[in-house]
Number of protein chains: 2
Amino acid sequence: MNLPPLVQSFVLHFGEMGSRWGINRTVGQIYALLYVSPRPLCADDIVDALGVSRSNVSMGLRELQAWNLVLLRHIPDDRRDHFTTPEDVWQILRVLAEERKKREVDPTLSVLRELLMQKPGSEVEQHAQARMAEMHGLIERLTTWYEDVKRLETDRLTALLALGARVTKLLDAKDKVVGLVRRKKEA
Amino acid sequence: MNLPPLVQSFVLHFGEMGSRWGINRTVGQIYALLYVSPRPLCADDIVDALGVSRSNVSMGLRELQAWNLVLLRHIPDDRRDHFTTPEDVWQILRVLAEERKKREVDPTLSVLRELLMQKPGSEVEQHAQARMAEMHGLIERLTTWYEDVKRLETDRLTALLALGARVTKLLDAKDKVVGLVRRKKEA
DNA sequence: CCGTCGTTTCAGAATTTTCTGAAATCTATG
DNA sequence: CATAGATTTCAGAAAATTCTGAAACGACGG
């Protein structure tokens, strides 16, 4: 590996973290490299930069494409495929959230649904099902919330984030206004 | 493994998913078993239920304790340690979020901060740093938002979730009111 | 203290995942 | 349609991880 020190540190860190994120080291490194690179890179650039085998890079890029985390770009007068990450970090966040949900949440949700359909055959199974129902409820709430907010445009989303916990103040205010209006109507 | 079918399916699924969640199969299974079990279990119960080695269970429990996902319970007149999961699923969610943040986000955040302190030595490094700054900004926003909302009590949180994307309506309303008040003041 | 019951540690075996190099496949162009 | 450049596939090597059984450890009652 032969990279400017700053870039190298970044790339190595992503490699390390890769395993905690459910992607392997090489994939993490490739992603990091593309993320900070000022221009699209082709597979051989990546081989040179990271010092891993050509085929490993090929597989890594394949996986990143499956994750929708890299984009294919074509450079004029060059037959080779070039790759970048989406420009906008918010876009990246969306993609990441979507993919993780698909891989880590949806399967569990569907298994839970299935198990909840079955008739419990004993006390123990009955209790188990009640627990599963709780979990199912929680996950479902979270995912519908997520489905909702993911549609928001970026500036809306940042506004929401900036608001943070103060949202509840707004909620209180709303309740108060609604209460007032209702009382007025009833009078 | 000798469990009621419903429980077995659940446990096996969690085992499978374990790897996608960064915990290993046995750990996932132990957790699932404790989650649906109507009473606390001791290590040997788990060995019997899952058919894995005693030491494997011991290590699994150790890891789950590190994750704060299981609780130690003592049963009167029994010297053995017994284990459960937190009763409240929301509590579990909080724990999970906290731990994942600690493991998956915080290290990256601190690396980014460190790299952003350094002086770039070239064009390429300069660009890389700009990209890192974008990522850092995004993560920081998210984490401060998270720090905010994690303090909310459960019912507040559910209210917020139920509201979903309609929060923005509320935001618009607020902006309107603020505008009115301001104009009134200026008049 | 000693023995018993329960838990933890740890070195190596088993398994799984990741990585490589060689060969196969693909594709644009002369 | 042959060829050269580029990419992908795949079987096995390398590395990492998970799991086990044996031994060490700890604590409590006698």
Side-chain angles (χ1 to χ4, degrees), chain A residues 1 11-12 14-34 40-67 69-84 103-104, chain B residues 1 11-12 14-34 40-67 69-84 103-104:
Chain A
M1 191 182 306
V11 164
L12 288 179
F14 262 65
E16 302 283 292
M17 292 305 278
S19 48
R20 300 198 188 178
W21 282 83
I23 60 178
N24 69 41
R25 183 165 62 251
T26 310
V27 172
Q29 291 185 350
I30 293 174
Y31 180 77
L33 180 65
L34 292 175
L41 302 180
C42 71
D44 287 319
D45 294 337
I46 299 172
V47 168
D48 292 344
L50 303 182
V52 296
S53 77
R54 185 53 233 273
S55 52
N56 199 1
V57 168
S58 175
M59 284 176 148
L61 286 170
R62 159 169 291 275
E63 183 165 349
L64 285 168
Q65 281 176 288
W67 276 81
L69 278 177
V70 302
L71 302 172
L72 198 88
R73 283 292 186 76
H74 277 276
I75 304 279
D77 298 333
D78 193 331
R79 265 168 59 184
R80 298 171 301 181
D81 288 345
H82 289 245
F83 300 88
T84 7
R103 286 171 175 69
E104 301 182 359
Chain B
M1 191 183 304
V11 164
L12 289 178
F14 262 65
E16 303 282 291
M17 292 306 278
S19 49
R20 300 199 188 176
W21 281 84
I23 60 177
N24 69 40
R25 183 165 63 250
T26 309
V27 172
Q29 291 185 350
I30 293 174
Y31 179 78
L33 181 64
L34 292 175
L41 301 180
C42 71
D44 287 318
D45 293 338
I46 299 172
V47 168
D48 292 344
L50 302 182
V52 296
S53 77
R54 186 52 234 274
S55 51
N56 198 2
V57 168
S58 175
M59 283 175 148
L61 286 169
R62 161 169 289 276
E63 183 166 351
L64 284 169
Q65 281 176 287
W67 276 83
L69 278 177
V70 303
L71 302 173
L72 199 90
R73 284 291 186 76
H74 277 278
I75 303 280
D77 300 331
D78 193 331
R79 267 164 63 184
R80 297 169 301 180
D81 289 344
H82 288 243
F83 301 89
T84 6
R103 288 170 173 70
E104 302 182 359

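Numbers restart at 1 for each chain; the letters A, B, ... are given by sequence-line order, proteins then strands.
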Student: Could you check whether any side-chain heavy atom of B:His82 comes within less than 4.5 Å of a side-chain heavy atom of B:Leu41, counting everything from C-beta outward?
Tutor: no
Student: D:dT18, OP1 or OP2 - any side-chain N/O from B:Thr26 closer than 4.0 Å?
Tutor: no
Student: In whole angstrom, give the distance that lies between atom CG of A:Asp81 and atom C1' of D:dG5.
Tutor: 12 Å
Student: Pick base, sugar-phosphate or nothing for B:Asn56, based on heavy-atom distances below 4.0 Å to the nucleic acid.
Tutor: base
Student: For the residue pair A:Asn56 and A:Val47, establish whether any side-chain heavy-atom pair is separated by less than 4.5 Å.
Tutor: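 Not in contact.
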Student: Less than 4.0 angstrom between a side-chain N/O of B:Arg25 and OP1 or OP2 of D:dT18, yes or no?
Tutor: no
Student: Would you kindly give the CD1-to-P distance between A:Ile46 and D:dT8, to the nearest whole Å?
Tutor: 11 Å
Student: For a 4.5 angstrom cut-off between non-hydrogen side-chain atoms, does B:Leu33 reach B:Ile46?
Tutor: yes
Student: If we only count heavy atoms from C-beta on, is the B:Phe14 to B:Arg25 side-chain gap below 4.5 Å?
Tutor: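 Of all side-chain heavy-atom pairs linking B:Arg25 with B:Phe14, none is under 4.5 Å.
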Student: Check every strand shown and say whether B:Arg79 touches a base, only sugar-phosphate, or nothing at a heavy-atom separation below 4.0 Å.
Tutor: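 Since a base atom lies under 4.0 Å of B:Arg79, the category is base.
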Student: At less than 4.0 Å, is any side-chain N or O atom of A:Ser55 found next to OP1 or OP2 of D:dT8? Yes or no.
Tutor: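 A:Ser55 to D:dT8 OP1/OP2: no side-chain N or O under 4.0 Å.
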Student: Grab the CG-C1' distance between A:Asn24 and D:dA14 for me, whole Å please.
Tutor: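 Atom CG in A:Asn24 sits about 14 Å away from atom C1' in D:dA14.
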Student: Applying a 4.0 Å non-hydrogen cut-off, can you work out what B:Ser19 is touching in the nucleic acid: base, sugar-phosphate, or nothing?
Tutor: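 Touches nothing.
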Student: How many Å lie between CD on A:Glu16 and C1' on D:dA15, as a whole number?
Tutor: 15 Å
Student: Mapping A:Arg62 and B:Met59 onto DNA chain D by nearest heavy atom, which one lands closer to the 5' end?
Tutor: A:Arg62
Student: Quick one: does NZ or CZ of B:Arg103 land under 6.0 Å from the six-membered ring centre of B:Trp67, within 45 degrees of the ring axis?
Tutor: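 Cation-pi check for B:Arg103 and B:Trp67: passes.
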Student: For DNA chain D, whose closest nucleotide is more 5', that of B:Gly51 or that of A:Cys42?
Tutor: A:Cys42
Student: Would you kindly give the CZ-to-C1' distance between A:Arg80 and D:dT7, to the nearest whole Å?
Tutor: 12 Å
Student: So where does chain A start and stop touching DNA chain C, 5' to 3', when the test is distance under 4.0 Å to a non-hydrogen atom?
Tutor: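 The footprint of chain A covers C:dT18 to C:dT27.
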Student: For the CZ atom on B:Arg73, are there more than 12 heavy atoms of other groups (residues, nucleotides or ligands in this structure) within a distance under 6.0 Å?
Tutor: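 Counting neighbours around CZ of B:Arg73, 12 or fewer heavy atoms of other residues, nucleotides or ligands fall under 6.0 Å, so no.
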Student: Does any non-hydrogen side-chain atom of B:Leu61 lie less than 4.5 Å from one of B:Glu63?
Tutor: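 In short, these two side chains do not touch, never coming nearer than 4.5 Å.
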Student: Which whole-number value in Å describes the distance from A:Leu41 CG to D:dA6 P?
Tutor: 16 Å
Student: Would you kindly give the CG-to-C1' distance between A:Asp77 and D:dA6, to the nearest whole Å?
Tutor: 16 Å
Student: Between atom CG in A:Leu64 and atom P in D:dT8, what is the gap in whole Å?
Tutor: 13 Å
